[in-house]
S.K.: 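Sharing a structure, written as structure tokens. Questions coming.
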Amino acid sequence: MTDNAYAVTRLRRLRGLRLCNALVAALVLHACFASAAAIAPGTQPQNDAATTNSGAITQVALHVEPPAQASPVVPVPPSEQYPELYRDVELAHLFPDSKTFADMVPLEPPSQIAANYTSAKQQPGFNLGDFVKRNFALPARESKSYVSDPNQDVVSHIDTLWTVLRREPDSTASRWSSLLPLPDPYIVPGDRFDEIYYWDSYFIMLGLEASGRHAMVVDALKNFAALIDRYGHIPNGNRTYYLSRSQPPFFAQMVRLVADKDGDAVYAQYLPQLRREYAYWMNGSEGLAAGHASRHVVRLADGTLLNRYWDERAAPRDESYREDVASSQQTPQRNPEDLWRNLRAGGETGWDFSSRWFADGKTLATVDVTSLAPVDLNCLLVDLERALAKAYRMRGDVTHAENMAQRAATRADTIRRVLWDPQLQAFGDYDFVHRTLTHKLTAATVYPLYTGVASRQQAKAVAVTLQREMLRPGGLVTTRVASGQQWDAPNGWAPLQYLAVIGLRRYSEAALAQTIATRWIRTNVSYYQHTGKLVEKYDVEAAAPGVAAGGGEYPLQDGFGWTNGVLRTLLALYPQAVSSSRPSDIPAGPAGVSAAAASAAAAPKNTHRLQGMRVNP
């Protein structure tokens, strides 16, 4: 098949999916929902007494325009453009990080490279590493060398890092690159992650706003709107190999963040993108039978709709190809496609990986994401439905506004009923296949507080549970299980601290909110003072400062976007949490910063910035 024919075939498939997403939005709102008042952001949380539902509203259809923009690159992942070569390169371990080859740019049309590979590998003396060097290039990226200043406090350090982590619009990307070009400047998380990531970006935007960089916040929102316009949804990140899934849907939160500064007209401005985002998550809901699931949608036995994480592909992840193949080889008793789809769906959760998703509670081989209706995803979709209701009101469309408000109220009621775990006195995930809660306590229990979904009684119980079971010297621990995965004990993550703090404040649990925030701030600042770094995650159980967190599929990452954003935001809320934050304020600081900088400079770069490659003769 020629490159043009292959591209046309793939584009037809993509357009079919996008058209399906658009059409489903015209169908999913035909259902009638009981009338109830939604809790809009900023209003008081749900009272303990259940709201009585009565009546129904007129059936309406939501019209969604087809995606407005064409993709500037062929939206096909590398593992499908040249599958045999891709598999051979990844399994030969030419690069320390599987993501490296996924991000490399073909120097010729992929079909030509694939054909050349089929011929060349039969020749005597063929060398796979040399073939890759001749046919691919590392992506061009701006090099920004930065060494922390020991005399700079942590707020100034973060404000400086925004410039270091800023990337300019991708105007010259190859049409065969895996990079999905963005029209406006953007902030990357840092280190291995040199592209945007969906849910990371919301917490980065919070920090940018706290730093007085509102224009960059607007740029971020415009970039995500552009991705929705092209592909019908926001992918996991702006890479072709992320198009088959999304991430926790924070787009409505992003719209609200900009609207808080620029006015509520922003909701109406981004209504088309909010509708397409919702259509993506609700695709498959129309006509779905009770007790069944389709794509991201689950209809419970009582007919109630909830959502799950999902991925359209059932193949090894491009960015973790070797690891996923190895996982399937180590579990021959499991269908590899089922395993791979669940690993991919785990990527969509943002919690990749955690015992939260493991059927046996401890091993990756039992990962089972697609059987669960998770509390965090469904709370975020309540907020998306509320945002749509507000956007319709801004447009004067009362019928659609009421419909969406009722959908939000119905989902919120379901969360309070179905996802509340009396055994844990916390919210959890529901296994709809086995019709039971998973009974795993995780920091995701804070989402119903953050979104105002919890009743006051539930919120009070969650606060008690958090303080008794999850609070550690360095902040909130992610779970109580030490599995070796990065989204488990002893690690704490910036977004979960922020969501907990805001959620607890919303329900007047100010003392616990301040305790969590203060401990997290001090953990971050202490690590910065000893190393000059802000990193992706922290060991919140560490007995000594400067102890690096571990776990997961890659080394601890420096940078780091959402850590910077949350720390900058929490310091604005709790400025008295630390009295000093410069490395030079402690005796070991300057030497620690120097040592960390030297170590970073000497370390091999295992993604875009890799200068050489390991070649197997």
Side-chain angles (χ1 to χ4, degrees), residues 18 21-30 33 35-43 57-69 182-184 186 198-199 201-202 205-206 208-209 214-234 246 248-283 379-412 451-452:
R18 287 156 62 183
N21 282 345
L23 291 176
V24 75
L27 298 172
V28 294
L29 296 183
H30 280 300
F33 289 90
S35 179
I39 307 168
T43 62
I57 69 167
T58 305
Q59 293 182 354
V60 296
L62 174 61
H63 174 70
V64 175
E65 304 84 356
Q69 299 179 14
L182 298 173
D184 292 286
Y186 56 97
Y198 184 178
W199 81 308
S201 296
Y202 174 66
M205 291 165 72
L206 289 172
L208 288 168
E209 199 67 72
H214 182 68
M216 281 297 299
V217 176
V218 174
D219 284 341
L221 181 59
K222 288 162 60 180
N223 279 328
F224 285 114
L227 289 171
I228 294 175
D229 286 343
R230 288 181 205 159
Y231 307 111
H233 72 288
I234 298 174
S246 186
F250 274 89
F251 184 68
Q253 309 283 326
M254 296 175 182
V255 171
R256 186 171 71 195
L257 182 62
V258 173
D260 285 346
K261 182 95 170 179
D262 295 349
D264 284 350
V266 172
Y267 284 93
Q269 178 184 350
Y270 286 96
L271 175 58
Q273 291 81 19
L274 288 166
R275 291 190 302 198
R276 293 186 185 111
E277 169 90 329
Y278 191 61
Y280 171 77
W281 287 99
M282 299 308 295
N283 190 355
C379 284
L380 291 173
L381 288 173
V382 170
D383 250 11
L384 176 54
E385 289 161 342
R386 292 174 183 159
L388 276 163
K390 186 164 188 173
Y392 279 120
R393 284 195 295 271
M394 294 301 299
R395 289 279 185 96
D397 188 340
V398 177
T399 301
H400 281 95
E402 290 181 351
N403 190 283
M404 294 309 302
Q406 290 185 18
R407 291 177 70 85
T410 299
R411 189 188 296 269
T451 54

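Residue numbers start at 1 and run along the sequence shown.
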S.K.: Start with the C-alpha distance between Leu388 and Arg407, add both sets of side-chain angles, then the distance that settles side chain to side chain contact (heavy atoms under 4.5 Å, CB included), and finish with yes or no.
M.R.: CA-CA 10 Å; Leu388 276 163; Arg407 291 177 70 85; over 6 Å; no

S.K.: To the nearest 0.5 Å, tell me how far Leu271 CG sits from Arg275 CZ.
M.R.: 4.5 Å

S.K.: How long is the straight-line distance from CE of Met216 back to CE of Met205, given to the nearest 0.5 Å?
M.R.: 10.0 Å

S.K.: From Arg411 CZ over to Cys379 SG, what is the distance, rounded to the nearest 0.5 angstrom?
M.R.: 9.5 Å

S.K.: Under a 4.5 Å cut-off applied to non-hydrogen side-chain atoms, are Val218 and Asp262 in contact?
M.R.: yes

S.K.: For Tyr231 and Gln69: C-alpha separation, side-chain torsions, deciding distance, then whether side chain to side chain contact (heavy atoms under 4.5 Å, CB included) applies.
M.R.: CA-CA 8 Å; Tyr231 307 111; Gln69 299 179 14; over 6 Å; no

S.K.: Taking the side chain from Tyr198 and the backbone from Phe250, do they hold a donor-acceptor pair closer than 3.5 Å?
M.R.: yes

S.K.: Side chains of His400 and Asp397: is there a donor and an acceptor less than 3.5 Å apart?
M.R.: yes

S.K.: Looking at Arg256 and Asp383, is there a salt bridge between them, counting it only when a charged N and a carboxylate O are closer than 4.0 Å?
M.R.: yes

S.K.: Which label fits Phe251 and Tyr270: parallel for a plane angle under 30°, tilted from 30 to 60°, or perpendicular past 60°?
M.R.: perpendicular

S.K.: When His233 is tested against each of Phe224, Tyr280, Trp281 for ring-ring contact (aromatic ring centres under 6.0 Å, His included), which residue passes?
M.R.: Tyr280

S.K.: Are the side chain of Arg393 and the backbone of Ala401 linked by a donor-acceptor contact shorter than 3.5 Å?
M.R.: no

S.K.: Walk me through whether Leu227 and Leu182 qualify under side chain to side chain contact (heavy atoms under 4.5 Å, CB included).
M.R.: CA-CA 8 Å; Leu227 289 171; Leu182 298 173; 4.0 Å; yes

S.K.: Within the structure provided, determine whether Glu209 and His214 are in side-chain contact (heavy-atom separation under 4.5 Å).
M.R.: yes

S.K.: How far apart are the closest heavy atoms of Ala268 and Met394, and which atoms are they?
M.R.: CB-CB, 3.9 Å

S.K.: Can you tell me how far the CD atom of Gln269 sits from the CZ atom of Arg395, to the nearest 0.5 Å?
M.R.: 9.5 Å

S.K.: Do Lys222 and Pro183 have side-chain heavy atoms sitting under 4.5 Å apart?
M.R.: no

S.K.: Atom CG in Leu384, atom CZ in Arg386: separation rounded to 0.5 Å?
M.R.: 11.0 Å

S.K.: Which heavy atom of Ala252 sits nearest a heavy atom of Ala387, and at what distance?
M.R.: CB-CB, 3.7 Å

S.K.: Using 0.5 Å steps for rounding, measure from the CG atom of Leu381 to the OH atom of Tyr278.
M.R.: 7.5 Å

S.K.: Evaluate side chain to side chain contact (heavy atoms under 4.5 Å, CB included) for Gln406 paired with Asn403, printing each intermediate quantity in order.
M.R.: CA-CA 5 Å; Gln406 290 185 18; Asn403 190 283; 6.0 Å; no

S.K.: Of the options Val266, Ile234, Val217, Leu221, which is the one that meets Met254 in a side chain to side chain contact (heavy atoms under 4.5 Å, CB included)?
M.R.: Leu221

S.K.: Are any side-chain N or O atoms of Asn223 and backbone N or O atoms of Asp184, one a donor and one an acceptor, separated by less than 3.5 Å?
M.R.: yes

